Amino acid sequence: MPAAQPPSAGWSPPAGGWPPPGYPPPYAYPGHPQISGSPATDSRRVVGIVIAVFAVLVLIICGCLCAGGLLLNSASPDPVADGPYVLPDDDWTGPTAGPLIPERPTAPPPTRAPTPTKQPITAPTSGPAPLTVVYEVTGSGTADIAYFDADSDLIHVDDAKLPWRTTIRTNGQSRVMVEATWPDIDYHGPLDCTLTVTGVGKPVVDKTRGYWRTTCSVE
């Protein structure tokens with residue numbers, strides 16, 4: 001149904017203002033000016049209130065999110081930065097293939113000759129030497145030997161091949177003693193030492209057997 005048109009001439013709004021209270025917002029007909037009034041002002045006020053409420057809600061939401069982020073950051077431990085990755089040099093080459101454990105030599109190690117810690121003195125440097133002292137050690141294999149020479153200095157001979165024997169001359173005032181020890185402490189075979197003193201009176205002999213160490217001496 002076509003909308004009712006106002007009279008083309010001689011029409012004027014009714015007394016008391018237009019539109020009447022409670023009437024929908026005014027719509028101007030073609031050729032008639034917009035009538036200003038309180039409804040337009042009320043609409044703008046409502047729109048402003050809605051925008052203000054929306055802005056307040058946005059600020060509240062943003063504040064909650066920021067506060068929550070700060071709480072999470074304070075509760076979580078500080079991240080640990082990994083060390084920088086260092087690229088290998090261009091000249092680097094990988095390990096070459098080879099045996100991890102060196103092979104045992106098939107040939108036995110060369111035996112070293114017994115060497116005393118110092119050259120022994122076989123006779124006193126001065127005066128007569130009427131006594132003759134003979135040191136002897138018997139057994140199998142080798143032994144570490146220690147004995148007193150003519151000046152009462154202790155002489156060491158390591159890995160001496162057995163049987164072993166040496167002779168010194170003394171004036172009777174030097175100490176005389178011989179001691180032998182197996183180099184391998186796990187070996188407990190028989191090890192004999194003999195000390196013989198001759199030259200004055202009846203010969204003196206001391207003979208002892210041990211199974212790891214043996215000692216012969218004359219007081």
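These numbers were taken from a predicted model, which means no experiment stands behind them. What's counted below: heavy atoms across the whole structure, side chains too, no hydrogens, waters or symmetry copies.
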Is V200 close to L131 at the side-chain level, that is, under 4.5 Å between some pair of heavy atoms?
yes
Any chance you could lay out the side chain to side chain contact (heavy atoms under 4.5 Å, CB included) test for F148 and I168, step after step, and finish with the verdict?
CA-CA 9 Å; F148 286 117; I168 65 171; over 6 Å; no
Nearest 0.5 Å please: distance from the CG atom of L191 over to the OG1 atom of T138.
7.0 Å
Ignoring hydrogens, what is the shortest heavy-atom contact between N171 and P124? Give both atom names and the distance.
N-CG, 4.0 Å
Enter the distance from Y135:OH to T167:OG1 here, rounded to the nearest 0.5 Å.
10.0 Å
Salt bridge (Lys or Arg N to Asp or Glu O under 4.0 Å) pairs, two or more places apart, involving residues 130-155
K118-D149, K118-D153, E136-R165
Who are the side-chain contact (heavy atoms from CB on, under 4.5 Å) partners of V58, not counting sequence neighbours?
F54, C62
Counterpart residues, side-chain contact (heavy atoms from CB on, under 4.5 Å), relative to V204 (two or more places apart)
V197, V218
Measuring from I155:CD1 to I121:CD1, what's the distance to the nearest 0.5 Å?
7.5 Å
Pairing residues for T215 by the side-chain hydrogen bond (donor to acceptor under 3.5 Å, both in side chains) criterion, not counting sequence neighbours
E179
Pair V157-Y147, side chain to side chain contact (heavy atoms under 4.5 Å, CB included): steps then yes or no
CA-CA 9 Å; V157 181; Y147 68 95; 4.3 Å; yes
Distance-minimising heavy-atom pair for D159 and P183:
OD1-CG, 3.7 Å
Could you give all pairs that pass the salt bridge (Lys or Arg N to Asp or Glu O under 4.0 Å) test and reach residues 189-213, with sequence neighbours left out?
D192-R209
Nearest heavy atoms of A160 and I145, plus distance in Å
CB-CD1, 3.7 Å
Pairs meeting criterion salt bridge (Lys or Arg N to Asp or Glu O under 4.0 Å) with involvement of residues 55-66, two or more places apart:
none
According to ring-ring contact (aromatic ring centres under 6.0 Å, His included), does anything in residues 174-219 pair up with another residue at least two apart or in another chain? List the pairs.
W182-Y187
Indicate the atoms forming the closest heavy-atom contact of V178 with C193, along with that distance.
CG1-CB, 4.3 Å
Can L162 be reached from I185 by stepping across I, L, V, M, F, W or Y side chains whose heavy atoms are under 4.5 Å apart?
yes
Rest of the hydrophobic cluster containing V53 (Ile/Leu/Val/Met/Phe/Trp/Tyr, side-chain heavy atoms under 4.5 Å)?
I49, L57
Is the shortest side-chain heavy-atom distance between T142 and W164 below 4.5 Å?
no
Pairing residues for S174 by the side-chain hydrogen bond (donor to acceptor under 3.5 Å, both in side chains) criterion, not counting sequence neighbours
T170
Quick one: list whatever passes side-chain hydrogen bond (donor to acceptor under 3.5 Å, both in side chains) with T214, sequence neighbours left out.
none
All side-chain hydrogen bond (donor to acceptor under 3.5 Å, both in side chains) counterparts of T132, not counting sequence neighbours
R169
Selection residues 121-133 - residue pairs positive for salt bridge (Lys or Arg N to Asp or Glu O under 4.0 Å), sequence neighbours left out:
none
Looking only at heavy atoms, which two atoms of A180 and V137 are closest? And how far apart?
CB-CG1, 3.6 Å
